[in-house]
Amino acid sequence: MEHSLSPRIFRRVFQDLGIDAHYTALRVEKHELAEAIDRVRRGSLAGLSVTIPHKEAAAELVDALHPSAARIGAVNCIARSPTGHAEGYNTDAPGFRLAVEQSGARLAAARAVLLGAGGAARAAAFAAVSAGAKSLTIANRDPERAIRLGLELVALGRAWPEGELLRRWESGERAPRLNVSRALGAPSGKCFVSAIPLESSALVHPLSHADLLVNSTSVGLGDPGALPLPGGCVLDRRLTVMDMVYRPLHTALLRRAREAEATCVDGLWMLIHQALEQLRVWTGQVAPPALAASLHDELAAECG
């Protein structure tokens with residue numbers, strides 16, 4: 001949290017909207033998380049932003065979960081209810097959707113390829129299938145983790161399985177986190193979901209048909225030369241490419257996308273939009289659309 005941009009974002013938002021509030025970064029160790037959440041219950045804090053590695057643990061410690069946070073299994077925002085309860089939300093999912101839409105692209109009917117299957121990937125995956133994506137391919141270095149995420153999407157009635165995911169589903173395998181029985185879990189929704197290894201041989205076909213490519217891995221974080229795509233993968237101009245990494249802002253993936261004349265969405269857009277969603281949760285105020293663009297202009301140089 002020491003290098004978080006969130007205090008800068010909220011300082012500007014509070015100032016522009018005339019909100020009497022203060023936001024600060026706190027270092028919270030794992031054993032201190034429960035106490036931090038209890039400060040929200042007591043009212044000494046009106047709310048909390050939760051960053052990695054605490055998002056899944058926070059979901060277990062709050063008193064109630066917003067339905068989207070319950071589905072995703074992670075909390076990045078905590079608010080105090082009128083009755084003094086700590087309520088958990090996930091604003092990463094709407095932040096992701098709004099960042100994609102900021103570029104002029106749409107998740108509805110999109111054919112998406114998602115690199116990674118961690119916490120950020122979970123939010124993106126649930127946002128994509130909830131928005132009516134046509135297909136979602138989850139590529140991860142550990143294919144089993146991608147399969148588990150795909151099974152959750154299917155079990156929750158958000159998607160239909162394909163490929164190896166379909167074979168696992170038909171064999172009776174379910175997502176352990178959900179503990180969904182064979183009788184209750186039934187494929188539904190509009191989106192076809194598949195899980196593959198993050199390898200060029202597996203990615204070539206889905207990439208050739210994709211409208212949207214999203215990197216949710218940490219590859220490129222602090223290393224402008226690191227590329228999350230394996231060699232042999234080709235990008236073209238019809239793609240929208242989003243990299244959730246925002247330090248550096250111009251990652252190797254986005255540079256490759258610009259060379260291909262694809263539409264680029266940097267990770268700062270998602271950071272800003274998820275923060276503005278937290279503002280709405282805490283205060284009920286909706287920030288004007290121009291504020292997101294102004295914040296991006298202000299902070300882009302700092303991200304490098």
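As a basis for the values below, the full set of heavy atoms in this structure was taken, side chains included, without hydrogen atoms, waters or symmetry mates.
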Heavy-atom check, side chain of [X] versus side chain of [Y], under 4.5 Å:
X: Cys77; Y: Glu277; result: no
X: Leu295; Y: Val13; result: yes
X: Met270; Y: Tyr246; result: no
X: Arg122; Y: Leu149; result: yes
X: Leu212; Y: Leu114; result: no
X: Val193; Y: Val129; result: no
X: Glu32; Y: Arg27; result: no
X: Trp160; Y: Trp169; result: no

Between [atom1] of [X] and [atom2] of [Y], what distance do you get to the nearest 0.5 Å?
X: Leu153; Y: Cys191; atom1: CG; atom2: SG; value: 8.0 Å
X: Asp243; Y: Asp266; atom1: CG; atom2: CG; value: 9.0 Å
X: Leu279; Y: Tyr23; atom1: CG; atom2: OH; value: 11.5 Å
X: Phe192; Y: Leu165; atom1: CZ; atom2: CG; value: 12.5 Å
X: Arg97; Y: His273; atom1: CZ; atom2: NE2; value: 9.5 Å
X: Ser135; Y: Arg111; atom1: OG; atom2: CZ; value: 7.0 Å

Atom [atom1] of [X]: over 12 foreign heavy atoms under 6.0 Å:
X: Glu162; atom1: CD; answer: yes
X: Ile52; atom1: CD1; answer: no
X: Arg255; atom1: CZ; answer: yes

Return the minimal non-hydrogen interatomic distance between [X] and [Y], and the atom names on each side.
X: Met242; Y: Ala99; answer: CE-CB, 3.9 Å
X: Arg258; Y: Cys264; answer: CG-SG, 3.4 Å
X: Ala36; Y: Leu45; answer: O-CD1, 4.2 Å
X: Leu107; Y: Ala127; answer: CD1-O, 4.0 Å
X: Arg145; Y: Gly118; answer: NH2-CA, 3.7 Å
X: Ala121; Y: Gly116; answer: CB-O, 3.3 Å

Any donor-acceptor pair under 3.5 Å from [X] side chain to [Y] backbone:
X: Asn90; Y: Ala93; result: yes
X: Ser103; Y: Val100; result: yes
X: Arg168; Y: Glu173; result: no
X: Glu170; Y: Arg167; result: no
X: Thr240; Y: Thr263; result: no
X: Asn140; Y: Ala117; result: yes
X: Arg238; Y: Ala210; result: yes

For this session: Verify whether the ring centers belonging to Trp269 and Phe96 lie closer than 6.0 Å.
Result: no

For this session: State, without any angle test, whether Glu164 and Ser194 hold a side-chain donor-acceptor pair at a distance under 3.5 Å.
Result: no

Pair [X] + [Y]: basic N to acidic O under 4.0 Å:
X: Arg8; Y: Glu298; answer: yes
X: Asp211; Y: Arg106; answer: no
X: Glu35; Y: Arg42; answer: yes
X: Arg41; Y: Asp63; answer: yes

For this session: Could you walk me through whether Trp282 and Tyr89 pass the ring-ring contact (aromatic ring centres under 6.0 Å, His included) test, one step at a time?
Result: CA-CA 10 Å; Trp282 292 329; Tyr89 296 79; 9.6 Å; no

Exercise. Who else is in the cluster with Ile196 when I, L, V, M, F, W and Y are joined by side-chain contacts under 4.5 Å?
Worked result: Val113, Leu115, Leu198, Leu203, Leu207, Leu213, Leu227, Leu229, Leu235, Leu239, Val241, Leu253, Leu254

